[in-house]
Amino acid sequence: MSAETAEHDDHHDHGPAKGLLRWIITTNHKDIGTLYLVFALVMFFVGGLMALIIRTELFEPGMQFIEPQFFNSMTTMHALVMIFGAVMPGFVGFANWMIPMMIGAPDMALPRMNNMSFWMLVAGFVLLISTLFMEGGAPAAGWTMYPPLVLQTGNALPFAIFSIHLMGISSIMGSINIISTIFNMRAPAMTLMKMPLFVWTWLITAFLLIAIMPVFAGAVTMLLTDRFFDTSFFDAAGGGDPVLYQHIFWFFGHPEVYVLILPTFGIASTIIPVFARKPLFGYASMVYATAAIAFLSFIVWAHHMFLVGMPLAGELYFMYATMVIAVPTAVKIFNWTATMWKGAMTFETPMLFSIAFVVLFTIGGFTGLMMSLAPVDFQYHDTYFIVAHFHYTLVPAAIFMLMAGGYFWLPKWTGNMYDERLGKLHFWLSAISVNILFFPQHFLGLAGMPRRIPDYAVQFTDWNMISSIGAFIYGFSQLLFVYIVYKTIKGTDCEKATDEVWEDASKHGLEWTIASPAPYHTFLTPPEKIPTEHY
Amino acid sequence: MKKTKQLIAALSLLLSGIGSAQADYTLNLMKGVTRISNEVYDMHMIALWICVAVGVVVFGTMFYSIYYHRKSMGHEAEQFHENTTVEIIWTIIPTIILVVMAIPATKAMIDMDDTSEAEMTIKVTGWQWKWEYEYLDEDIHFFSSLDEESNRARQIGSGIDPTSVPHYLLNVDNPVVIPVHTKIRFLFTAADVIHAWWVPDLGWKKDTVPGFINESWTEVDVPGTYRGQCAELCGQDHGFMPIVVIAMEKADYAVWVEEQKALALAEQSAAQKEWSKEELIAKGETVYANNCASCHMADGAGMAGVFPAISGSPIVIGDIDAQVDLMMKGQGMMPAFGQMLSPVDFASVTTFIRNGLGNAVGDSIQPSVIQKQQSTLAAVEDDE
Ligand SMILES: [Cu+2]
């Protein structure tokens with residue numbers, strides 16, 4: 001089949017445009033996927049630099065390097081850049097590259113919109129980053145942008161809000177594209193319940209995004225009119241309510257955290273079976289669990305707001321609803337464990353990252369369960385315990401699986417094997433340092449250190465120092481990843497990848513049945529047979 | 001339990017090679033000094049041990065598999081998948097565990113929510129960046145902000161070692177004093193942005209929302225000093241608005257109440273007294289350091305684009321009444337100091353900035369004048 005595709009390619013002159021223009025006007029899903037991935041990697045380092053500024057100031061008590069206001073800008077921008085600039089675009093990059101190849105489609109359904117959604121994202125980030133250089137500084141009210149505090153932002157406020165609008169439009173367009181591709185472009189043999197889990201999780205994520213991004217855009221637009229057009233949505237003096245903003249924000253914000261984690265689940269469910277040389281244990285229950293988590297994510301938002309003064313019934317409802325999420329999440333973790341059970345495992349870099357993900361994400365899940373208990377959350381809320389919790393579900397989960405996916409598919413994209421020895425080194429450095437970085441933050445939070453403070457009481461010194469050391473090791477080890485990727489793309493003294501890349505991978509997914517590197521156009525005619533191992 | 005905890009802490013510190021002299025650290029949630037805080041602690045421990053147990057089973061299985069089911073050990077992959085019985089079992093077990101956890105949590109939640117039959121009420125108002133306390137039954141009212149020593153040490157490049165400051169960042173000028181064995185109702189609100197009032201030893205925190213009133217209650221069993229901080233991001237000095245609660249025996253508390261009333265009277269007569277310009281400037285310098293310097297900077301230079309300079313400011317060197325009016329009512333990020341400063345503090349800081357920090361207008365204003373303006377302002381606000 002790969003030969004067929006390549007031949008087909010040669011007859012038409014449909015290669016990429018020459019020079020730099022290729023990357024601006026491209027409508028090819030692989031090119032756009034690459035653009036998204038490069039953008040995500042750049043933003044990962046921009047956001048990482050901000051994290052290191054934060055950890056440097058927090059290395060010891062006392063204010064050493066930066067003003068408190070700039071510190072607040074850093075925590076705010078770090079979150080916005082990592083969430084909307086690194087993790088989400090990273091997954092969109094994978095979606096662009098892999099969804100057409102996984103479902104046997106020649107490209108995304110709406111290629112021109114695909115290009116537009118990428119460049120809108122870039123425009124959004126140019127705006128957002130530009131606020132760093134504005135009078136009054138970048139937004140400093142936290143990524144959650146609670147009023148009334150956020151309304152004290154200087155000139156940056158309208159720019160930040162408009163950049164969120166652009167990112168929102170970009171995400172919605174990307175989601176529409178993904179949904180139409182999955183519904184319309186599958187190979188005839190690929191029924192919905194035979195789709196790879198990565199495709200399933202992205203389908204559900206895309207629906208989440210379409211549902212929530214307009215809500216977020218609405219919330220920030222109300223901030224805009226409160227600030228500039230004298231409305232009082234969030235001002236009690238005019239009959240509004242600051243807490244209303246939080247309800248709207250978290251109605252977006254909670255599903256948003258699943259936007260960050262569902263594709264993560266999808267990649268793990270793709271990688272683990274290949275290296276365990278077994279089918280995924282419970283394909284159907286994984287699909288249902290993903291859908292259940294997505295549904296629940298819409299009805300638990302106020303667990304981020306246990307302190308705002310909700311009535312007792314509200315507190316109890318949001319506590320119970322949140323606890324229920326533990327069930328489908330546990331099903332997923334048991335499933336991955338059962339997939340490894342009695343397999344014939346090997347531990348290449350993608351598998352190492354995946355195993356670390358399952359373990360460390362579970363720890364993040366445990367603390368999440370503890371926080372769901374409303375009366376105990378009265379202690380945990382807004383402390384470093386929370387910071388530790390969500391970083392465990394983001395860094396060794398979302399970021400690790402972005403890395404895992406990178407190692408897993410890079411040989412297919414470039415035709416070259418990455419350096420396994422360096423890959424493993426990158427894994428061990430990351431896995432150890434990420435725990436030095438975030439595990440002590442549990443202790444800090446329990447001992448009483450609030451989050452988002454630039455300076456702290458002296459009893460918190462030791463764990464902060466350890467955490468900062470971890471941050472530097474983690475941050476600098478990620479440069480190794482850039483080197484490995486660069487080396488693999490360049491391909492000199494790299495082993496050539498086979499079409500299958502991983503042993504028996506072609507039993508697990510269509511992407512392993514085509515040539516390595518994947519030709520510029522693939523599946524111009526849909527494949528007749530699809531692999532069977534993944535469902 | 002406590003022994004093991006200390007052991008683990010000591011070990012990990014040794015391993016990391018950082019042996020801190022004043023190792024006042026803790027690893028776990030504090031038990032606190034109220035019935036509620038103990039309930040919360042117990043629930044935290046139950047949840048923690050459940051998580052540890054589940055973790056041991058899941059990770060144990062996984063690592064067993066990782067060790068024994070390796071291809072390099074010659075293990076052949078078995079191709080089983082989909083087992084309805086197993087899947088039902090592992091859905092039901094977590095559900096049961098959750099129900100077990102939900103029962104005590106519900107009880108505690110109901111208990112924490114019940115503010116009825118409180119014996120006294122304290123109203124707490126969050127300000128950028130200090131706390132205002134009003135004892136509604138006693139007519140006691142004061143502001144509480146970061147103590148001077150911490151405030152000096154926390155300035156960038158202060159050269160003061162934070163470890164040399166007692167209770168660095170966790171100390172205030174005026175602590176809240178409460179009697180033990182008394183059910184106290186707290187009412188929470190805010191003057192500017194949302195803050196959160198948190199003393200870990202009491203077992204909870206609560207948001208203070210401008211324009212709304214939240215409530216909570218506590219009953220402290222053990223006399224002592226309990227420290228906490230603002231827990232909701234509230235602007236640049238969010239990290240610098242601590243809370244100190246002193247719980248006293250009832251008799252000692254009664255003495256404190258009398259002292260506060262005497263102090264209020266003294267302040268009253270100080271406001272009536274005629275002050276010399278020099279006295280006002282001297283007093284104003286401290287007031288400036290504690291209330292103004294964090295934005296307008298110690299030397300009055302401000303911060304370009306964010307906080308205007310005091311030195312040479314057209315408002316400060318202009319008409320004194322216009323300046324007083326702006327300070328009274330606030331503007332943008334500038335809080336309404338009319339409600340925050342005593343007449344003496346207000347008059348002295350006004351006089352100080354007109355005659356110090358590079359300004360030399362030469363005039364001064366008396367506390368008694370300020371006091372009159374404050375009471376008209378309060379009357380207008382009540383009408384609104
Ligand atoms: Cu505050």
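The model shown is predicted, which means the values in this text are computed figures rather than measured ones. Lettering follows sequence order; numbering is per chain, from 1.
Heavy-atom minimum distance, Val209(B) versus Pro242(A): CG1-CG, 3.7 Å. The shortest non-hydrogen separation linking Leu170(B) to Ala457(A) is CD1-CB, 3.6 Å. Thr91(B) and Val327(A) get closest at one heavy-atom pair: CG2-CG1, 3.6 Å. Nearest approach of Asp237(B) to Pro68(A), heavy atoms of both residues: OD1-CG, 4.3 Å. The two residues Phe212(B) and Gly240(A) make their nearest non-hydrogen contact at CZ-O, 3.8 Å. Heavy-atom minimum distance, Pro61(A) versus Tyr168(B): CB-CE2, 4.3 Å.
Here the side chains of Lys71(B) and Glu503(A) are in contact, with some heavy-atom distance below 4.5 Å. Residues His238(B) and Ile453(A) have side chains in contact (heavy-atom distance under 4.5 Å, counting atoms from C-beta outward).
At a 4.5 Å heavy-atom cutoff, the contact between Thr383(A) and chain B is made by side-chain atoms alone. With a threshold of 4.5 angstrom between heavy atoms, Ile92(B) does not approach chain A through any atom at all. For Val54(B), the parts lying under 4.5 angstrom from a heavy atom of chain A are both the backbone and the side chain. There is no contact between Leu151(A) and chain B, counting heavy-atom distances below 4.5 Å. Contacts between Ile213(B) and chain A at a heavy-atom distance below 4.5 Å are absent for every atom of the residue. Both the backbone and the side chain of Asp455(A) come within contact range of chain B, each with at least one heavy atom under 4.5 Å from a heavy atom of that chain. Proximity to chain B is limited to the side chain of Ala330(A), based on heavy atoms less than 4.5 angstrom apart. Residue Asn214(B) touches chain A through its side chain alone, counting heavy-atom pairs closer than 4.5 Å. The parts of Asn335(A) that come within reach of chain B are both its backbone and its side chain, each placing non-hydrogen atoms under 4.5 angstrom from that chain. With a 4.5 Å cut-off on non-hydrogen atoms, Asp241(A) touches chain B through its backbone and its side chain both. Gln152(A) touches chain B through backbone and side chain together, each having a heavy atom under 4.5 Å away. Heavy-atom distances place no part of Glu215(B) under 4.5 Å from chain A, backbone and side chain included. For chain B, no part of Glu57(A) is nearby; none of its heavy atoms comes within less than 4.5 Å. Neither the backbone nor the side chain of Phe188(B) comes within contact range of chain A; no heavy atom of the residue lies under 4.5 Å from a heavy atom of that chain. For Tyr380(A), the parts lying under 4.5 angstrom from a heavy atom of chain B are both the backbone and the side chain. With a threshold of 4.5 angstrom between heavy atoms, Ala231(B) approaches chain A through its backbone and through its side chain. Heavy atoms of Ala276(A) lying under 4.5 Å from chain B belong exclusively to its backbone. Only the side chain of Tyr320(A) comes within less than 4.5 Å of a heavy atom in chain B; its backbone stays farther off.
In terms of modelled atom types and a separation under 3.5 Å, the side chain of Asp113(B) and the main chain of Pro311(A) share no donor-acceptor contact. Side-chain N or O atoms of Gln379(A) include none that pairs as donor or acceptor with a backbone N or O of Leu29(B) at under 3.5 Å. Although no hydrogens or angles enter the test, the distance criterion places a donor-acceptor pair under 3.5 Å between the side chain of Ser65(B) and the main chain of Met340(A). Between the Lys205(B) side chain and the Leu307(A) main chain, no donor and acceptor come within less than 3.5 Å of each other.
To the nearest 0.5 Å, atom CD1 of residue Ile325(A) and atom CG of residue Leu98(B) are 11.0 Å apart. Taking OG1 of Thr163(B) as the start and CD of Glu60(A) as the end, the distance is 9.5 Å to the nearest 0.5 Å. For the atom pair Asp114(B) CG and Leu312(A) CG, the distance stands at 9.5 Å (nearest 0.5 Å). Between the CG atom in Leu149(A) and the CD atom in Gln236(B) there is a gap of 10.5 Å [rounded to 0.5 Å]. Between the CZ atom in Phe63(B) and the OG1 atom in Thr337(A) there is a gap of 10.0 Å [rounded to 0.5 Å]. Glu87(B) contributes atom CD, which lies 10.5 Å from atom OH of Tyr288(A) (distance to the nearest 0.5 angstrom).
Per-residue heavy-atom pair counts under 4.5 Å with chain A were compared for Thr95(B), Val40(B), Ile194(B), Ile66(B), and the maximum is reached by Ile66(B). Note on Met43(B), Arg70(B), Arg154(B), His167(B): by heavy-atom pairs under 4.5 Å with chain A, the leading option is Arg70(B). Each of Gly211(B), Ala47(B), Pro94(B), Ala105(B) has some count of heavy-atom pairs under 4.5 Å with chain A, and the biggest count is that of Ala105(B). Between chain A and the options Met62(B), Gln155(B), Met109(B), heavy-atom pairs under 4.5 Å are most frequent for Met109(B). With respect to chain B, the highest number of heavy-atom pairs below 4.5 Å among Lys342(A), Arg451(A), Gln69(A) belongs to Lys342(A). The candidate from Ala196(B), Ser158(B), Ala108(B), Pro210(B) with the greatest count of non-hydrogen atom pairs under 4.5 Å with chain A is Pro210(B). Taking chain B as the reference chain and counting heavy-atom pairs below 4.5 Å, the highest number among Ala374(A), Pro440(A), Ala326(A), Ala236(A) is found for Ala236(A). With respect to chain A, the highest number of heavy-atom pairs below 4.5 Å among Gly228(B), Gly55(B), Ala153(B), Gly203(B) belongs to Gly203(B).
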Quiz item: Which is it for Met101(B) and Met323(A) under the side chain to side chain contact (heavy atoms under 4.5 Å, CB included) test, yes or no, and what are the steps along the way?
Solution: CA-CA 9 Å; Met101(B) 287 162 92; Met323(A) 293 174 85; 3.8 Å; yes
Practice problem: Take Trp198(B) and Phe378(A) through the side chain to side chain contact (heavy atoms under 4.5 Å, CB included) test and state the conclusion after the steps. | Solution: CA-CA 9 Å; Trp198(B) 181 33; Phe378(A) 280 38; over 6 Å; no
Quiz item: After noting the C-alpha distance and the side-chain angles of Met345(A) and Ser72(B), does the key distance pass the side chain to side chain contact (heavy atoms under 4.5 Å, CB included) rule?
Solution: CA-CA 8 Å; Met345(A) 276 187 273; Ser72(B) 56; over 6 Å; no
Self-check item: Candidate pair Val86(B) and Phe334(A), rule side chain to side chain contact (heavy atoms under 4.5 Å, CB included), full reasoning
Solution: CA-CA 10 Å; Val86(B) 173; Phe334(A) 296 151; over 6 Å; no
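Within the structure, salt bridge (Lys or Arg N to Asp or Glu O under 4.0 Å) pairs that include any residue of residues 39-53 of chain B comprise Arg35(B)-Glu39(B) (at least two apart or interchain).
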Please output the side-chain donor-acceptor pairs of residues 359-370 of chain A that fall under 3.5 Å, not counting sequence neighbours, one pair per line with the distance.
unit_1, atom_1, unit_2, atom_2, d
Thr362(A), OG1, Val358(A), O, 2.5
Thr367(A), OG1, Ile363(A), O, 3.4
Thr367(A), OG1, Gly364(A), O, 2.9
Thr367(A), OG1, His389(A), ND1, 3.0

